Amino acid sequence: MPNIRHILETRVSAAMAAAYPEAAGAPAIVQASADSRFGDYQANGAMALAKRLGQKPHDVAGRVVEQLKGDAQVSDMADVPPPVGPGFINFRLRPKWIEHRLGEINRVKPEGEGRPSGERPGDEDRLGVEPAAESETVVVDYSAPNLAKEMHVGHLRSTIIGDALVRMLDFAGHRPVKQNHVGDWGTQFGMITAYFDSETRGLDQRTDVIASWQGVHVKDFEELYRRAKRLFDENPKFAAAAREYVVRLQGGDSEIKRRWEHLKYNSLWHCNQVYKRLGVYFANEDFRGESAYNDVLPDIVKTLADKGMLTESEGAQCVFLQSEIRNPKSEMPSGKPLFANKDGDPLPLIVQKSDEGYLYSTTDLAAIAFRTGCLPEIRNPKSQIRNETSPKASRILYVVDARQALHFQMVFECAYQAGFAKRGEHDLVHVAFGTMMDENGRPFKTREGGTVKLMDLLDEAERRARDLVDQKQTDLSRRDPNGPDGQAGLSDEERRDIARKVGIGAVKYADLSQNRTSDYVFSWDKMLSLQGNTAPYMQYAYARVRSIFRKGEHDEAETRRDAAPIPVPEAAEAALGKAILQFPETLDRALADYRPNILAAYLYDLAQAFTAFYDACPVLKSDEPTRTHRLKLCDLTARVMHRGLDLLGIETAERM
RNA sequence: GUCCCCAUAGCUCAAUUGGAUAGAGCGUUGGCCUCCGGAGCCAAAGGUUGGAGGUUCGAAUCCUCCUGGGGACGCCA
């Protein structure tokens, strides 16, 4: 069964069309009520419709409500009072319906029983989430570290947000295709290989440290990169040499390529260590870096040239994007520049430098062509990417820093105009996020002003979380030496595991619970606080629910077998029940704007609804059948929390 | 200079294609432990949503202007 919001949206929309045939297709605009006095859901579409029709909003809403009275599905589900205010249509869910629906989602299909198509094995506990009616292939381009450097905080947001979106898309029944577009190509590698070369090394006076190419490790590359970068900026002769190396690398020089592969191998190994700790998984085929597109870059430029989009400017090959809106008289492009530079002149998208090297614009265009499957102009039969299977995505998400907004605007526009993607068929989306700041509002750096390494950050997260866990365990054993659920205290190994889950979870949740578009203030104290919308609070709430089952010696598998209605007579029970039923529509809403914080906010509300329920309604101490009903509510709460946190990439612990 | 993003309670943040009385946490004040994990619950105070206009039955949200902050803007990614 579709989610509540979706059912009401469909039914009200149909009622509007029936009452006003000329308004077919008008949206019902159903949402959960802002104020519970008016009901559980509200439809605002009648007011918008009235405006269109030039009629009184209240009258339009009245006719729609009349129409809804004949709708058995709606009347079975909710009470629909006459419209109020300017034309709000309110819905109050019927307790019977809530209880019935809770029972339905409570039941977990046993192994072997047929599952609806779209579900995968192990996915049988859907908690009311229907697999998407139209499953889409969605490329998610995220993380994308620069392989010349160690992973640092700059990679954190993209990695965490991208991973959460992949998990959410997957559970919602889409086909996410991970793409880690690692920076394994371009000027930076020219710099490093040039720096290392005997001919150019003499340009730097500090040649002592890096003695040999063999056995060089990522940290050394980091040092190598720093020195090369400094020399690159200071010494034009070296800069010229470095650019020459890029061209040689891109041209397939075997010796340079050998060095490049060595560097790449070491770097990827390091990245995978970080990903492992973060609980972010990339299979080998998910790494498709810039270099993968190298062979087809000339074809990309050729295609642009063939379409008349290319202009040479100061020796570089540029695309000056113009509005595609045609002048009806001349049928020529309007010629209006879409982008301008600081002098007001048209702003180019440079696809080939004056030294013939390519840039990330070119690579991004090639990646789009590969991902959409629009590779008709790719001529090079030996190219790596030509021989790989395109995911043929209908959507491509770029989880990238907001500062690159202009770049993506230009690349997307260029891709559409050149036919690497088709408007209406391929949706190119920049899922932008803000900068990570310290508590003084400055970009997040070490005390010395350097970039914070991800490994160090995660170490500190776990160390701080361990202090929390130890503190809690001390408090608990002081209160009750036998443990709150009749079990002994946690072993060192258990504590370490919990500290890992809490520490990593705190770092991730702090990021995901915030609107991604704004800059984000990184604060250890806030993210590890046990109060408020934090990972430790959520994990604690979960552990607390789970402790009920241990203490009650209750086997939840037993109560998951039946779909009997779950009565919710108390106000706190009903509120919790409704919150549980809103999980599916929340996932929809979070995915509609690629905003994990919507899911996080929901989980926090759910946790609060649970504690209110738990405060007001005894569970283990109540008599049957209430005891079983309440245990089922506890179990459902735990399952939604567990699943919801999992969709955010956050682990839970049974005890903490 | 042009363009983009942002400005909400003392602080950190929410607010579902424009919806009803703008909500949480922290902090502040006051209640609740014979009660299943008090890392809790209940309540109070705290707002001209940066400012001024405009559109609308209805604006934190859309438009215009202004102020303040951040960012991007030709051969780095």
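The chains referred to below are lettered A, B, ... by the order of the sequence lines, with proteins before strands, and numbering in each begins at 1. Model, not experiment: these values are computed from the prediction.
Surrounding NE2 of H6(A) are at most 12 heavy atoms belonging to other residues, nucleotides or ligands under 6.0 Å away. For CD of E356(A), the number of neighbouring non-hydrogen atoms (other residues, nucleotides, ligands) closer than 6.0 Å is 12 at most.
Residue M656(A) is in base contact, counting any heavy-atom pair closer than 4.0 Å across all strands shown. Contact annotation for K51(A): base contact, defined as any heavy-atom pair under 4.0 Å involving a base atom. Residue contacts for R243(A): at a heavy-atom cut-off of 4.0 Å it reaches the sugar-phosphate backbone alone, with no base atom in range. Residue Q531(A) is classed as a sugar-phosphate contact, given heavy-atom separations below 4.0 Å to backbone atoms only. Residue A32(A) is in base contact, counting any heavy-atom pair closer than 4.0 Å across all strands shown. Counting any heavy atom pair closer than 4.0 Å across all strands shown, L359(A) reaches sugar-phosphate atoms only and no base atom. Within the 4.0 angstrom heavy-atom criterion, no nucleotide atom of any strand lies near I598(A). If you check every strand for non-hydrogen atoms under 4.0 Å, E585(A) touches nothing. C634(A) comes within 4.0 angstrom of no nucleic acid atom, judged by non-hydrogen atoms across all strands. Within the nucleic acid shown, L620(A) comes within 4.0 Å of at least one base atom, counting heavy atoms only. Note on A316(A): a base of the nucleic acid sits closer than 4.0 angstrom, heavy atoms only. Within 4.0 Å (heavy atoms only), N533(A) reaches no atom of the nucleic acid at all. Within the 4.0 angstrom heavy-atom criterion, base atoms lie near S354(A). Counting non-hydrogen atoms under 4.0 angstrom, N515(A) reaches the backbone sugars and phosphates but no base.
Side-chain polar atoms of Y41(A) and Q582(A) form a donor-acceptor pair below 3.5 angstrom. Side-chain contact of Y142(A) with Q179(A): a donor-acceptor pair under 3.5 Å is absent, judged by distance alone. In summary, the side chains of T628(A) and E624(A) do present a donor paired with an acceptor at a separation below 3.5 Å, with no hydrogens or angles considered. Between the side chains of S523(A) and D525(A), no donor-acceptor pair of N or O atoms lies under 3.5 Å.
Checked options L310(A), D364(A), L359(A); the residue passing with V351(A) is L310(A) (criterion: side chain to side chain contact (heavy atoms under 4.5 Å, CB included)).
Considering only side-chain atoms of Y614(A), the nucleotide from rG18(B), rC36(B), rC41(B) that sits closest is rC36(B). Candidate nucleotides rC13(B), rG37(B), rA77(B) were compared by shortest atom distance to the side chain of E290(A), and rA77(B) ranks first. Out of rG40(B), rU16(B), rG70(B), the shortest distance to the side chain of R589(A) is found at rU16(B). Considering only the side chain of P618(A), rC36(B) comes nearest among rC57(B), rG74(B), rC36(B). Of the listed nucleotides (rU16(B), rA77(B), rC73(B)), rA77(B) has the atom at the smallest distance from the side chain of Q188(A). Closest to the side chain of V521(A), from the set rU17(B), rA20(B), rC13(B), is rC13(B). Across rG19(B), rG70(B), rC57(B), the shortest atom-to-atom separation from the side chain of D519(A) is found for rG70(B). Residue Y540(A) has its side chain nearest to rG37(B) when only rG37(B), rG19(B), rA14(B) are considered. The side chain of R544(A) has rG37(B) as its nearest neighbour among rG37(B), rC26(B), rG19(B). Comparing rC26(B), rA15(B), rC75(B) by their closest approach to the side chain of I350(A) singles out rC75(B).
The aromatic ring of F88(A) does not sit over the base of rG19(B), since the test of centres under 5.5 Å and planes under 30° is not met. Between the side-chain ring of Y360(A) and the base of rC76(B), no stacking contact exists by the 5.5 Å and 30° definition. For Y604(A) and rA24(B), the ring-to-base geometry does not satisfy the stacking test (centroid distance below 5.5 Å, interplanar angle below 30°).
The same atom, P, is picked in rC26(B) and in rC42(B); the two are 12 Å apart, to the nearest Å. Taking the P atoms as reference points, rG51(B) lies 15 Å from rU67(B), given to the whole Å. The separation of rG71(B) from rU48(B), taken at their P atoms, amounts to 29 Å, rounded to a whole angstrom. Comparing the same atom, P, in rG69(B) and in rU8(B) gives a spacing of 14 Å after rounding to whole Å. Rounded to the nearest Å, the gap between the P atom of rG18(B) and that of rA60(B) is 13 Å. Annotation: rU21(B) and rG27(B) have their C1' atoms spaced 25 Å apart (nearest Å). Comparing rU2(B) with rC65(B), their P atoms sit 11 Å apart, to the nearest whole Å. When the C1' atom is used for both rC11(B) and rC41(B), the distance is 24 Å, rounded to whole Å.
One can place CG of D401(A) at 12 Å from P of rC73(B), the figure rounded to the nearest angstrom.
Taking 3.5 Å as the limit, the base of rA77(B) and the side chain of D184(A) contain no donor-acceptor pair of atoms between them. Donor-acceptor pairing under 3.5 Å, judged by distance alone, is absent between the side chain of T611(A) and the base of rG40(B).
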